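Because the structure is a prediction, the values reported are computed rather than measured. In listed order, ligands and their atoms are each counted from 1.
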Amino acid sequence: MRRYHVTTFGCQMNAHDSERIKGLLEELGLGEAPSQEQADVIVLNTCTIREKPDTRFAAHMGNAAKAKRDRPGTVVAVGGCYAEAQRERLFALYPDVDVAFGPGTISHLGDWLGAGGEGVARGSFGTGEERTFAARLPVRRERRFQAWVQVSMGCNSVCSYCIVPAVRGRETSRRPGEVLAEIEQLAAEGVREVTLLGQNVNSYGRDLGSSFAELLRACDAVPGIERIRFTSPHPKDFRQDVIAAMAECAAVCEHAHLPLQSGSSRILKAMRRTYSRERYLRLVAELRAAIPDLALTTDIIAGFPGETDADFRETLEVVEEVGYDGAFTFVYSPRAGTEAAAMPDQVPDKLKRERIERLVEVVQRVAAGRNAGRVGMVEEVLVEGPSRTDSGLLRGRTRRNTTVNFSGDAASGELVSVAIEGATSTTLAGMQLALAVA
Ligand code: SAH
Ligand code: SF4
Ligand code: F3S
């Protein structure tokens with residue numbers, strides 16, 4: 001049997017796309033190889049959000065090129081956002097690439113790999129017009145009891161630093177009926193937790209006369225789905241109806257990932273985020289008033305062009321004021337073709353690094369304090385497997401999306417009550433009390 005190996009870079013959308021790529025390849029009769037070295041078809045599902053994933057991809061291409069020399073006949077397929085961004089130059093930059101595809105053209109992969117018996121169509125690349133939902137393809141899920149569900153593709157925002165709209169195109173929502181049919185099917189297969197995926201889930205449905213709030217309520221009504229998560233909501237589109245749905249739907253988890261990007265209204269304007277520091281903080285207050293136990297996490301960029309020390313201090317202030325339970329922090333990385341890359345006053349690397357270090361320090365201190373506040377409480381935990389740090393312990397996540405390492409005997413996929421006894425800035429520790437849901 002011919003075998004494939006998929007390496008995934010980037011965000012949850014890409015991780016989910018990779019599940020579809022695997023499903024497609026298995027439908028074509030390929031099996032999964034344990035490593036790149038043993039694969040006949042090497043797939044790299046790329047990201048280009050910052051410079052770092054581009055560099056990591058280059059290193060992987062070096063390995064793939066070696067695999068082709070060692071084992072002639074090995075096929076190298078490159079998909080995802082970097083492939084799409086470099087579609088004009090990819091084959092020239094990396095002559096070892098046989099087949100390339102973008103996030104919207106996964107469904108063509110089979111044809112290009114020669115599934116019809118014509119042999120590999122070297123140098124193929126679909127056009128932007130052919131974009132279709134990967135969600136229509138077969139899927140090979142990583143976990144039996146958790147699933148990602150794509151609700152939209154593309155992004156209509158124009159954040160000045162971001163490459164995503166250029167590579168993933170305009171926003172298109174999946175029909176609610178299609179999303180729900182998938183979730184009902186997942187529930188029938190034993191899935192208990194779904195994460196709804198879109199670049200801006202809060203603008204879901206506008207192109208269809210539907211809304212994200214309605215979708216949340218419909219998902220909540222699917223029997224067997226105990227937890228609903230979503231990522232990412234854009235603060236500018238987070239409306240009352242979604243807040244109410246979060247508060248009222250039992251399955252919707254008490255967690256919002258609410259990207260801040262910067263705490264300075266001046267920088268937010270240059271980023272074209274279309275909210276101010278004050279409006280963001282008002283939204284946080286509204287969310288907390290409606291959902292008292294809400295966990296908040298965020299994304300923050302340090303060193304955006306023109307960011308002064310005073311702007312940066314405003315970001316630190318907002319981190320303290322909101323009290324985030326966790327944050328992904330990024331050094332600003334200029335992306336070719338974006339508005340911000342051409343702005344004057346690019347912040348020098350050394351200063352960007354200094355700022356990110358200060359930011360990480362504050363984020364960790366604030367998150368450690370938030371987690372310490374959970375000690376003594378009992379949390380409902382969905383068991384995900386053995387702990388990564390101590391194989392004698394189990395690992396799972398609370399409804400608020402915090403990882404817990406705990407002693408217990410539950411099986412993966414079970415919901416258990418865990419008494420929280422300890423905390424770090426990123427995890428909780430505890431002891432299983434009982435099965436929370438039979
Ligand atoms: N659509 C989602 C995710 C976008 S990418 C959202 O809007 O929330 C994830 C994060 O990467 C962004 O939230 C941002 O913080 C970061 N990011 C995007 N472009 C970047 C760049 N050029 N440099 C540094 N960080 C960036
Ligand atoms: Fe990028 Fe902004 Fe769209 Fe998120 S909302 S994908 S940051 S353009
Ligand atoms: Fe995701 Fe990276 Fe593309 S973050 S949308 S895989 S550029």
Peer 1: Assess the pair F230 and H257: is the distance between their ring centroids shorter than 6.0 Å?
Peer 2: no

Peer 1: At what distance is the nearest protein heavy atom to atom 22 (N) of ligand 1, and which residue and atom is it?
Peer 2: S333 O, 2.8 Å

Peer 1: Please find the pair of heavy atoms, one from L208 and one from R174, that lie closest to each other, and give the distance.
Peer 2: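 L208 and R174 have their closest heavy atoms at CD1-O, 3.6 Å.
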
Peer 1: Does the side chain of S387 come under 3.5 Å of the side chain of T389 through a donor N or O and an acceptor N or O?
Peer 2: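 Yes, a side-chain donor-acceptor pair sits under 3.5 Å.
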
Peer 1: Counting only heavy atoms closer than 4.0 Å, does ligand 1 sit against the backbone of F330, its side chain, both, or neither?
Peer 2: side chain

Peer 1: Check ligand 1 against R50 and write out every atom of the ligand that is under 4.0 Å from a heavy-atom position of the residue.
Peer 2: 11 (O), 16 (C), 17 (N), 23 (N), 24 (C), 25 (N), 26 (C)

Peer 1: To the nearest 0.1 Å, how far is atom 5 (S) of ligand 1 from its closest protein heavy atom, and which atom is that?
Peer 2: I49 CD1, 3.5 Å

Peer 1: Hydrogens and angles aside, do S265 and S276 bring a side-chain donor and acceptor to less than 3.5 Å of each other?
Peer 2: no

Peer 1: Checking the N or O distance criterion of under 3.5 Å, is ligand 1 in contact with Y332?
Peer 2: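 No, there is no polar N/O contact under 3.5 Å.
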
Peer 1: State whether D17 and K22 are salt-bridged, where the test is any N-O pair (Lys NZ or Arg NE/NH1/NH2 against Asp/Glu carboxylate O) under 4.0 Å.
Peer 2: no

Peer 1: Does the pair R141/E19 count as a salt bridge with the N-to-O cut at 4.0 Å?
Peer 2: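 Result for this pair is no, no salt bridge flagged.
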
Peer 1: Between R358 and E361, does any NZ, NE, NH1 or NH2 come within less than 4.0 Å of an OD or OE carboxylate oxygen?
Peer 2: no

Peer 1: Give the residue and atom name of whichever protein heavy atom lies nearest to atom 7 (S) of ligand 2, and the separation in Å to one decimal.
Peer 2: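 Answer, as residue, atom name and distance: Y161 OH, 3.4 Å.
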
Peer 1: I need the contact type for I301 against ligand 1. Using non-hydrogen atoms and a strict under-4.0 Å cut-off, is it side chain, backbone, both or neither?
Peer 2: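 For I301, the contact with ligand 1 is made by the side chain alone.
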
Peer 1: Is any side-chain heavy atom of I291 less than 4.5 Å from a side-chain heavy atom of E248?
Peer 2: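 No, every pair of side-chain atoms sits at 4.5 Å or beyond.
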
Peer 1: For ligand 1, which atoms have a heavy atom of V331 less than 4.0 angstrom away?
Peer 2: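 Result: 23 (N), 24 (C).
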
Peer 1: Please could you name the atoms of ligand 3 that Q199 approaches to less than 4.0 Å, counting only its heavy atoms?
Peer 2: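 Once the distances to Q199 are compared, the set is 5 (S).
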
Peer 1: For the CD atom on E278, are there more than 12 heavy atoms of other groups (residues, nucleotides or ligands in this structure) within a distance under 6.0 Å?
Peer 2: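 It does: E278 CD has more than 12 such atoms within range.
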
Peer 1: V164: heavy atom below 4.0 Å from ligand 1, yes or no?
Peer 2: no

Peer 1: Which of the numbered atoms in ligand 1 are under 4.0 angstrom from any heavy atom belonging to D299?
Peer 2: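 The atoms of ligand 1 under 4.0 Å from a heavy atom of D299 are 9 (C), 10 (C), 12 (C), 13 (O), 15 (O).
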
Peer 1: If only side-chain N and O atoms count, and only distance matters, is there a donor-acceptor pair under 3.5 Å linking T48 with R335?
Peer 2: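 Judged by distance alone, the side chains do pair up.
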
Peer 1: Quick check on I163 - does any of its heavy atoms sit under 4.0 Å from an atom of ligand 1?
Peer 2: no

Peer 1: Have T297 and H255 got a donor and an acceptor in their side chains that come within less than 3.5 Å?
Peer 2: yes

Peer 1: Against heavy atoms of P259, which atoms of ligand 1 measure under 4.0 Å?
Peer 2: 8 (O)

Peer 1: Let's go through F9 and Y82 carefully: what are the C-alpha distance in whole Å and the side-chain angles of both, what is the deciding distance for ring-ring contact (aromatic ring centres under 6.0 Å, His included) to 0.1 Å, and is it a yes or a no?
Peer 2: CA-CA 10 Å; F9 307 82; Y82 178 82; 9.5 Å; no

Peer 1: Below the 2.8 Å mark, what number of protein N, O or S atoms do you get around atom 1 (Fe) of ligand 3?
Peer 2: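 The number of such protein atoms is 1.
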
Peer 1: Tell me whether the count of non-hydrogen atoms from other residues, nucleotides or ligands lying under 6.0 Å of CZ in R143 goes above 12.
Peer 2: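 Yes, because the 6.0 Å sphere around CZ of R143 holds more than 12 heavy atoms from other groups.
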
Peer 1: When you measure from atom 19 (N) of ligand 1 to every protein heavy atom, which one gives the shortest distance, and what is it?
Peer 2: Y161 CD1, 3.3 Å

Peer 1: With heavy atoms of R335 as the reference, note each atom of ligand 1 found under 4.0 Å away.
Peer 2: 22 (N)

Peer 1: Among K352, Q12, Q199, which residue places a heavy atom closest to atom 3 (C) of ligand 1?
Peer 2: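 Checking each option, the heavy atom nearest atom 3 (C) of ligand 1 is found in Q199.
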
Peer 1: Do Q261 and Y161 have a side chain donor and acceptor closer than 3.5 Å?
Peer 2: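 The answer is yes; a qualifying pair exists.
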
Peer 1: Enumerate the protein N/O/S atoms at a distance below 2.8 Å from atom 2 (Fe) of ligand 2, ignoring waters.
Peer 2: C159 SG

Peer 1: Will you find, in the side chains of S203 and E171, an N or O donor that is under 3.5 Å from an N or O acceptor?
Peer 2: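 A donor-acceptor contact under 3.5 Å links the two side chains.
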
Peer 1: Please could you name the atoms of ligand 1 that Q261 approaches to less than 4.0 Å, counting only its heavy atoms?
Peer 2: 12 (C), 13 (O), 14 (C), 15 (O)

Peer 1: Closer than 4.0 angstrom, basic N to acidic O: yes or no for E307 and R266?
Peer 2: no

Peer 1: So does R399 pair up with E379, basic N to acidic O under 4.0 Å?
Peer 2: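 Answer for the salt bridge query: no.
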
Peer 1: Looking only at the side chains, is there a donor atom on one of D207 and S173 sitting less than 3.5 Å from an acceptor on the other?
Peer 2: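 Note: D207 and S173 side chains meet the donor-acceptor criterion.
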
